[in-house]
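So the structure is just underneath, and the comments pick up after that.
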Amino acid sequence: MLDQRFVRNNPDVVKQAAANKNERVDVDGFLDLDARRRELLQASESLKQRRNTVSDEIARMKRDGEDASARIEEMREVSARIKGIDTDLAGLQDSLQSVLERLPNIPHPSVPVGADESANVEVRRWGSTPEVEFERKAHWDLGEDLDIIDFQRAGKISGSHFVLFKGEGARLQRAMIQFMLDLHIQKHGYTEVIPPYIVNRQSMFGTGQLPKMEEDMYRTDLDDLFLIPTAEVPVTNMHRDEILSEDDLPIYYTAYSPCFRREAGSYGRETRGLIRVHQFDKVEMVKFVRPETSYDELETLVNDAEEVLQLLNIPYRVVSLSTGDLSFAAAKCYDLEAWAPGIDRWLEVSSCSNFEDFQARRSGIRYRNKDGKSQFVHTLNGSGMGMARTLIAVLEHYQTGRGSIRVPEVLIPYMGGLKEIG
RNA sequence: GGUGGGGUGUCUGAGUGGCCGAAAGAGACGGUCUUGAAAACCGUUGUACCUUUGCGGGUACCGUGGGUUCGAAUCCCACCCCCACCGCCA
């Protein structure tokens with residue numbers, strides 16, 4: 001959420017930011033409501049001041065045994081007027097709030113301006129795919145041939161775009177999760193958490209999924225709870241409505257969780273196999289930091305994510321998302337795209353974002369600085385990595401001419417010494 | 001699901017209709033003392049919003065939302081959350 005006063009004083013900045021993010025917002029309507037609100041507020045507050053003064057007077061008169069009935073009668077009227085104004089005011093506040101919570105975050109000046117992903121800028125590239133003398137298979141064929149991924153039965157159990165991993169496929173996935181968590185905990189200094197995977201409405205609002213993305217999430221109607229689309233939600237909300245001490249910062253958390261996404265209306269493009277599924281596993285990293293450090297923290301966050309791919313020896317590129325591709329809450333975002341040689345394309349396997357104080361303001365995450373003043377922290381998060389797609393890259397990259405999959409060096413200990421699948 | 005207890009500021013915790021934005025303690029910050037530190041003592045210390053060029057002025061906030069009242073942290077209603085016990089399920 002943006003600061004209301006900031007919107008009032010910088011309407012053009014907000015409009016431009018929204019336009020660059022392809023969001024339709026009614027900033028002028030907001031300014032209108034905002035002006036009317038202040039007018040009513042002043043009226044209400046000066047009446048309340050009068051009421052408070054006279055109420056004190058009434059109290060005094062009663063103590064002194066004087067007759068206060070005339071004043072009481074007068075205040076009865078004043079209170080009625082206040083009530084009327086406050087009702088209107090509450091309506092205005094609601095409208096104002098709903099505009100405000102739909103205003104997207106302002107992109108950082110370093111973010112390339114552009115309509116969509118075609119304006120994204122490649123920042124760097126790492127690794128290479130060795131030439132092979134055989135035709136590489138796509139992961140869906142590898143998965144079926146080796147009997148480690150079962151799309152058919154997943155469809156029967158749950159529906160299309162669900163997956164079932166089996167045998168060494170399941171173990172490989174678990175090994176990757178374990179490896180990533182250990183890396184972030186031991187080498188990068190993150191604290192592991194296992195959060196709830198089902199969260200309430202307020203948590204979804206805090207990180208910015210609501211109100212915009214309600215259609216994209218699974219909800220339990222009876223309790224009005226949501227299945228998390230990413231561990232970012234529960235982990236960021238750990239410190240909702242808290243005031244942290246400056247000494248606590250920065251805070252780094254990493255969490256494994258399954259992620260649930262309805263992906264309403266997003267099919268049609270190539271989404272076969274594991275590319276876009278309703279449930280996948282992910283290791284997430286979340287940071288709470290002092291504002292002045294957040295862009296440096298973003299860089300190290302990306303580096304932490306990159307190291308996963310480097311250790312897996314998967315070629316990838318780092319892309320700075322353009323304004324049009326940037327999510328609602330993000331001020332800046334780098335995607336990590338791994339190369340999948342079987343399907344011959346780059347796959348987004350990680351997204352690392354700085355939200356600045358956008359999420360913190362929505363969810364009341366502050367810290368007390370050295371001067372004793374409380375202010376909003378900056379929050380960041382990044383995947384390290386998203387499992388299904390990273391698995392695609394591993395399968396397609398490590399396949400052999402014999403149809404088997406070599407186990408990446410770093411995963412062998414996590415696979416009980418197994419060096420090859422199939 | 002039932003019964004009982006409870007949600008107050010950064011924290012602990014008092015307060016049951018007006019003099020309560022709220023005692024007390026802790027913490028934090030500043031000072032005195034000290035070679036330095038600790039202790040002791042003194043002082044300061046909530047947030048948001050409106051208004052003002054500034055000094056300042058004002059309003060609201062005691063889980064959330066309503067209600068009663070001239071006036072609510074305090075009384076009434078509903079809801080949410082936490083704790084304990086019981087029931088049910090694993």
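Lettering follows sequence order; numbering is per chain, from 1.
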Please walk me through it: do A:D304 and A:K187 pass side-chain contact (heavy atoms from CB on, under 4.5 Å)? CA-CA 9 Å; A:D304 292 342; A:K187 185 158 178 202; over 6 Å; no
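- Aromatic rings of A:H188 and A:Y252 (six-membered ring for Trp) have centroids beyond the 6.0 Å cut-off, not under it.
- Distance A:Q202 CD to B:C80 P: 14 Å, rounded to the nearest Å.
- With a 3.5 Å ceiling on both atom-pair distances, the Watson-Crick or G-U wobble partner of B:G18 is B:C70.
- The pairing partner recorded for B:G4 is B:C83, the criterion being a Watson-Crick or G-U wobble arrangement whose two distances lie under 3.5 angstrom.
- Geometric assessment of A:R362 against the ring of A:F205 yields a positive cation-pi assignment under the 6.0 Å and 45° thresholds.
- At a threshold of 4.0 angstrom between heavy atoms, the contacts of A:R76 are confined to the sugar-phosphate backbone, with no base atom among them.
- Taking atom CD of A:E73 as the reference point, atom C1' of B:U69 lies 13 Å away to the nearest angstrom.
- Close to B:C50, at under 4.0 Å from its OP1 or OP2, lies no side-chain N or O of A:Q42.
- Residue A:R366 has its side chain nearest to B:U47 when only B:C50, B:U47, B:G18 are considered.
- Listed by residue number, A:K83 are the residues of residues 80-104 of chain A with a heavy-atom contact under 4.0 Å to RNA chain B.
- Of the C1' atoms belonging to B:C55 and B:C81, the separation is 44 Å, rounded to the nearest Å.
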Protein and nucleotides 59-61 of chain B: nitrogen or oxygen contacts under 3.5 angstrom:
| unit_1 | atom_1 | unit_2 | atom_2 | d |
| --- | --- | --- | --- | --- |
| B:U59 | OP1 | A:N52 | ND2 | 3.3 |
| B:A60 | OP2 | A:N52 | ND2 | 3.4 |

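- In terms of position along RNA chain B, the nucleotide closest to A:L41 lies nearer the 5' end than the nucleotide closest to the other residue of the pair A:L41 and A:R71.
- A gap of 15 Å separates the P atoms of B:G46 and B:G21, to the nearest Å.
- B:C62 sits 11 Å from B:A72 when the P atoms are compared, rounded to a whole Å.
- A:R60 comes within 4.0 angstrom of no nucleic acid atom, judged by non-hydrogen atoms across all strands.
- In this structure, A:R38 reaches the B:U51 phosphate: one of its side-chain N or O atoms is under 4.0 Å from OP1 or OP2.
- When side chains are defined from C-beta on, A:I343 counts as touching A:W140, because their heavy atoms get closer than 4.5 Å.
- Rounded to an integer number of Å, the gap from A:E77 CD to B:U69 P is 15 Å.
- Look at the P atom in both B:G56 and B:U74: the space between them is 32 Å, to the nearest Å.
- Put simply, CD on A:E57 is 16 Å from P on B:C70, counting in whole angstrom units.
- Looking at heavy-atom distances under 4.0 Å, A:R37 makes contact with sugar-phosphate atoms alone, never a base.
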Yes or no on ring-ring contact (aromatic ring centres under 6.0 Å, His included) for A:H184 and A:Y253, after CA distance, side-chain angles and deciding distance? CA-CA 9 Å; A:H184 298 317; A:Y253 292 121; over 10 Å; no
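- Comparing the C1' positions of B:A73 and B:U64 gives a spacing of 14 Å, expressed to the nearest Å.
- The listed nucleotides are B:C50, B:G18, B:U10; the one nearest the side chain of A:S55 is B:G18.
- The existence of a salt bridge linking A:R76 and A:E73 is confirmed by a sub-4.0 Å separation between a basic side-chain nitrogen and an acidic carboxylate oxygen.
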Please step through salt bridge (Lys or Arg N to Asp or Glu O under 4.0 Å) for the pair A:E214 and A:R201, ending with a clear verdict. CA-CA 10 Å; A:E214 179 142 13; A:R201 196 166 268 281; 3.1 Å; yes
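- Remark: A:K21 does not engage A:E23 in a salt bridge, criterion side-chain N to carboxylate O under 4.0 Å.
- Spacing of P atoms, B:G63 relative to B:U10, comes out at 13 Å, to the nearest Å.
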Step-by-step ring-ring contact (aromatic ring centres under 6.0 Å, His included) determination, A:F358 to A:H378: CA-CA 8 Å; A:F358 191 83; A:H378 279 194; over 10 Å; no
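- At the phosphate of B:C70, neither OP1 nor OP2 sits under 4.0 Å from any side-chain N or O atom of A:S69.
- Spacing between B:G65 and B:G5 at atom P, rounded to whole Å, works out to 25 Å.
- If you take CD1 of A:I58 and C1' of B:G17, they are 14 Å apart, rounded to a whole angstrom.
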Walk me through whether A:V308 and A:L183 qualify under side-chain contact (heavy atoms from CB on, under 4.5 Å). CA-CA 8 Å; A:V308 172; A:L183 176 69; 3.6 Å; yes
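- Taking the C1' atom of each, B:G6 and B:G13 are spaced 13 Å apart, rounded to whole Å.
- As rounded to whole Å, 13 Å separates atom C1' of B:C81 from atom CG of A:D241.
- Closest approach of A:P234 and A:V199 over heavy atoms only: CB-CG1, 4.1 Å.
- When both distances must be under 3.5 Å, the Watson-Crick or G-U wobble mate of B:A39 does not exist.
- Side-chain nitrogen and oxygen atoms of A:R8 include none within less than 4.0 Å of the OP1 or OP2 phosphate oxygen of B:C49.
- Of the charged side-chain nitrogens involved, none lies within less than 4.0 Å of a carboxylate oxygen, so that A:D216 and A:R262 do not count as a salt-bridged pair.
- One can place CE of A:M75 at 15 Å from C1' of B:G18, the figure rounded to the nearest angstrom.
- Taking the nucleotide of RNA chain B with the nearest heavy atom to each of A:D34 and A:S79, the more 5' of the two is matched to A:D34.
- Going from atom CZ of A:R368 over to atom P of B:G9 covers 12 Å, rounded to whole Å.
- Across every strand in view, B:U44 sits in a pair with B:A28 that passes the Watson-Crick or G-U test at under 3.5 angstrom.
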